[in-house]
Colleague: 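Okay, here's the structure, questions in a sec.
The chains referred to below are lettered A, B, ... by the order of the sequence lines, with proteins before strands, and numbering in each begins at 1.
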2 protein chains.
Amino acid sequence: MNHFRVIEVAAGRQPADLLLRGARVVNVFSGEIQHSNVALVDGAIAGVGDYRQAKEEINLEGQYILPGFIDGHIHIESTMLTPEGFAEAALAHGTTAVVADPHEIVNVCGLDGFRYMVEAFQGLPLDAYFTVPSCVPATPMETSGSSVGGEEIREAFKIHPSSPALGEMMNYPGVIHGDSKVLEIMRASLEFTPLIDGHAPTLRGKELMAYAAAGMSTDHESISAEEAREKLCLGLRIAIREGSAARNLKDLLPVVNQLNHENFFFCCDDRHPGDLVDEGGVAAILRKAVSSLDPVVAVKLATINPARHYRLDRRGGIAPGYRADLVVVNNLKDFQAKLVIKDGTLVARDGRYLGNIPRREDQRVKNTVSLPHLGDKLELKLSESKRRVRVIEVVPGQIFTRQKLMDAREAAADEDVNLAAVVERHGKNGNVSPCLVKGFGALQGALASTVAHDSHNLILVGRSPHEMEQAARAVTDSGGGLAVVKEDRTLCRLPLPVAGLMSDRSAVKVSELHEKLQEASREIGCLLEEPFMTMSFLALPVIPELKITDRGLVDVQSFSLVGLWLDET
Amino acid sequence: MNHFRVIEVAAGRQPADLLLRGARVVNVFSGEIQHSNVALVDGAIAGVGDYRQAKEEINLEGQYILPGFIDGHIHIESTMLTPEGFAEAALAHGTTAVVADPHEIVNVCGLDGFRYMVEAFQGLPLDAYFTVPSCVPATPMETSGSSVGGEEIREAFKIHPSSPALGEMMNYPGVIHGDSKVLEIMRASLEFTPLIDGHAPTLRGKELMAYAAAGMSTDHESISAEEAREKLCLGLRIAIREGSAARNLKDLLPVVNQLNHENFFFCCDDRHPGDLVDEGGVAAILRKAVSSLDPVVAVKLATINPARHYRLDRRGGIAPGYRADLVVVNNLKDFQAKLVIKDGTLVARDGRYLGNIPRREDQRVKNTVSLPHLGDKLELKLSESKRRVRVIEVVPGQIFTRQKLMDAREAAADEDVNLAAVVERHGKNGNVSPCLVKGFGALQGALASTVAHDSHNLILVGRSPHEMEQAARAVTDSGGGLAVVKEDRTLCRLPLPVAGLMSDRSAVKVSELHEKLQEASREIGCLLEEPFMTMSFLALPVIPELKITDRGLVDVQSFSLVGLWLDET
């Protein structure tokens, strides 16, 4: 910010670059709505009041100006968009800054993935503040592309000095038991920031107390009002999550009141491309929140509250000297972005980004898929056996699973029991780990995905090893992605050449392809509404009950690897 | 903090060091009052809840536990106590941390004064976070002991890396007009912290807008609700000041409501030793505030709000992992500190500090008074003249003054018109600047003080040059201080050997001596209730209307030096 010009315009001695006339300005500091002009210069807000001189002006009579929305916690990779496509799509609906944890790409590419994300956002019209991933890999029971310890933590904070926090500390058992590696990671991050993002699903009582005592400053995993209230009392800021995979807004809003609301903010955590295109991110949360929250309070949770918590200075409010990141809406009900202004420039209108952001190639995050020869490794000889097997049973619309025990022959005869496998794809050890999964339906083909939390190995589900191998090839050919295969035909494919996680196409295009993939999955008999989301969590061994990694089945309760066959635990 | 032990105690696996049983705990995060035990270990709070095992315990049934109070803006020098005496007195009433601007001592001793304050607090049981003085000297129309520019700003932040902010930017005309030296000072501080404390008395409209736009983050100078509301709307945090010299609480409280209260905090700014001993600092503000503010909201303004604004991490709340800085009170009305716990240790009981903090000598801040030979320089030949003179007229209980124009002979005949003078005492140029002052009464002696904002030159008021010189000698002999003289006798004296500003005696002793000084001043005919406070502001040329510095009379309105005689402007 050029101090001098901002002062000159604020004092009324020079004309503004852009004058927004006659709107109702939501003041997140006083909690009031002011009828006023807003003068912008050099990307900043110079003044709110009786300003009249400007090079350009926009009449906003009858409309509302809000601070740009800030997503307090998101994994950009969940949108399957590269930073450019994400910025276009997010800005279109009024999100002007995000606090993002890039742990997906760091699991695949290590600090090169971190560098890529940070560098890709330089010069983009959306501000991304990356937390430093703390749990890579998420568990020792899987093979990821890289791992993060104290040294990598320090290096990451040097790469990105404006990182606001250590990223979500998912290893809560490690924290609670004072695991020395976990404490070393926290100590390393405390050299750079006092903030540590928490992640404590279902944690309560003294375990939660111990987790908070270790230095956590947020939590975004509450699913009930009681859980959120307990965490709030411990001084944790509550990130109310309402994304595509998990939706907690309705359950948590009753905890927010006027005496405590500064301790809450909104976040998406995960957002699918279609939802981002159709509804936006934070805008969609606001739209729902105002049914039971004062609109100005709701706006605070979407703007100044995350800004203050993460110390994103001079953001999140409409005041002199603040960044000119603004959203214009018709009312405080549907929060449809009529205009979006970023750094003083109009960047979106009526929910559409104006222009196209040129894509940036980065070889460090390309060609990340390296598969072993699969041979007969996907095969399970069920019908010959009298033994009992562990089967992962998926639950429609949920990311947890159940463990189902079946007779091998019963499983072989059940059309809803399909083969599944995780294939190590980082070129580390070539692990191939087959298993059985129930709940996808009687598949007549196979699904493949290189998006599989958090290690992002290749995950396959299908009726036959042959089709699974075919599907594996379909995604490998494009450097990673999603595919649906029937016999020898690839019915549909979404290439994700960046780390096997992201596409450099537009959000609309990615969303269309994603939709087509889901249609194709239905064509081969899949019963799940979002089979690729379900698959992406099948390999995440921190969510109950039975999961599969490249090293085998994981019993999440006992946090240990178990055999496919019940008698070989 | 030893992460490991805090986690162990929080998890219930190890006993606490100290257990506080059965109190009502004021939770500043949820806004609720919880009936609970509090477990402390290693100077930190480990847990709030059902803890029972501890090496020691205190039964607090029926009492309230609050977070230690935080004074959001204070000049410690205003108490005339060195850090040790201040810590004893402040802790006694529950203040466990202060954000302090040491600009008084820096005006005298430069960065050595800053180093002294920072080092003196190391190891003291009170946390002082020093802002870096931005305006030394306050104006170019006076001679101070040192001056601060961009380089000194950088050096100070290196001396005190936990400095939260640039100190109050009093040169608001310089900011509003984009003065290059002022901008350079702000730019230098932005290399270390985004926070700049504001100081904008009576500033409104576009001038205020320009001031805020330059990057201010607080203001503590509002004297009316309208002024505070306007500043709040511009994103400034409002420090509600209620000290000894200025009292704004009653006027500003009406602005605080549940939608905006996180933007307010309490501060004393200036606090006289007697008030500090009798009523405390922040405790006294809380006591008054709860007559019109919800008690939990009031506690937030005294604890978590300043902590969050100044980023004093893990302070200001009662939660796991937070510093164990606590105040126990009988009720939420009088806020009398029954117990004060600092870093987990009981340090005060029933308003008395337990123990004596050993005093630390520091030669860098001693022997700071170096006077010129006064000779006949204090004399004004009034009765021989027919000319008109400018007379400073003081207003009882106020720090502003009026300019009164009098015939010289009329002035000479008026017993309420006394001689006054400012004598440069830093050994820089030996300036002696005599003038006339009305309103002290028909003095029969003289008063002297080396406390004279902000340059802290020697200020004298008396009926005769001889007695003024005698008074000057009385304070010089002890390295600075306050004195009352009658003829050749020193009636009373308060030595302030540290920078001519502070005494290393106890708050009670300093307060007693200060009281005696005021009695002595009445003995020599002074009509003012607090003559030394009035004198200390006589030389501050940023407060209207007519002031005196070592360089002469200052017309504050025109911000320029003027002559004593009306015809020599």
Colleague: Give the minimum heavy-atom separation between Ala10(A) and Ala210(B), together with the two atoms involved.
Modeller: CB-CA, 3.5 Å
Colleague: How many angstroms lie between atom CE of Met209(A) and atom CD1 of Ile7(B), to the nearest 0.5 angstrom?
Modeller: 13.5 Å
Colleague: So, Arg314(A) side chain and Pro194(B) main chain: donor-acceptor pair closer than 3.5 Å or not?
Modeller: no
Colleague: Enter the distance from Phe29(B):CZ to Ile238(A):CD1 here, rounded to the nearest 0.5 Å.
Modeller: 11.0 Å
Colleague: To the nearest 0.5 angstrom, please state how far the NE2 atom of His309(A) sits from the CZ atom of Arg308(B).
Modeller: 8.5 Å
Colleague: Heavy-atom pairs under 4.5 Å with chain B - which of Gly49(A), Gly235(A), Ser180(A), Ser217(A) has more of them than the others?
Modeller: Gly235(A)
Colleague: For the candidates Asp313(B), Ile318(B), Leu208(B), Val175(B), which exhibits the highest count of non-hydrogen atom pairs separated by less than 4.5 Å from chain A?
Modeller: Asp313(B)
Colleague: Listed by residue number, which members of residues 292-302 of chain A have a heavy atom under 4.5 Å from any heavy atom of chain B?
Modeller: Val297(A), Lys300(A)
Colleague: Could you check if a side-chain atom of Gln34(B) sits within less than 4.5 angstrom of a side-chain atom of Cys233(A), using non-hydrogen atoms only?
Modeller: yes
Colleague: Under 4.5 Å heavy-atom distance to chain B, tell me which part of Ala212(A) shows up: side chain, backbone, both or neither.
Modeller: both
Colleague: Against chain A, label Leu234(B) side chain, backbone, both or neither, depending on which of its atoms sit under 4.5 Å from a heavy atom there.
Modeller: both
Colleague: Out of Met186(B), His177(B), Arg311(B), Glu8(B), return the one with the most heavy atom pairs under 4.5 angstrom to chain A.
Modeller: Arg311(B)
Colleague: Counting heavy-atom pairs under 4.5 Å to chain A, which of Val28(B), Val255(B), Leu195(B), Asn263(B) comes out on top?
Modeller: Asn263(B)
Colleague: Sort Ala46(B) into side chain, backbone, both or neither according to what part of it lies under 4.5 angstrom from a heavy atom of chain A.
Modeller: backbone
Colleague: Taking Lys206(B) for the side chain and Val9(A) for the main chain, is one N or O donor matched with an acceptor at less than 3.5 Å?
Modeller: no
Colleague: Rounded at 0.5 Å granularity, tell me how far NE2 in His261(A) sits from CD in Glu262(B).
Modeller: 4.5 Å
Colleague: Taking side-chain contact (heavy atoms from CB on, under 4.5 Å) as the test, write out the residues that go with Gln53(B), two or more places apart.
Modeller: Pro15(B)
Colleague: Apply side-chain contact (heavy atoms from CB on, under 4.5 Å) to the pair Ile176(B) and Arg13(A), showing each step before the final yes or no.
Modeller: CA-CA 11 Å; Ile176(B) 294 167; Arg13(A) 292 189 296 260; 4.1 Å; yes
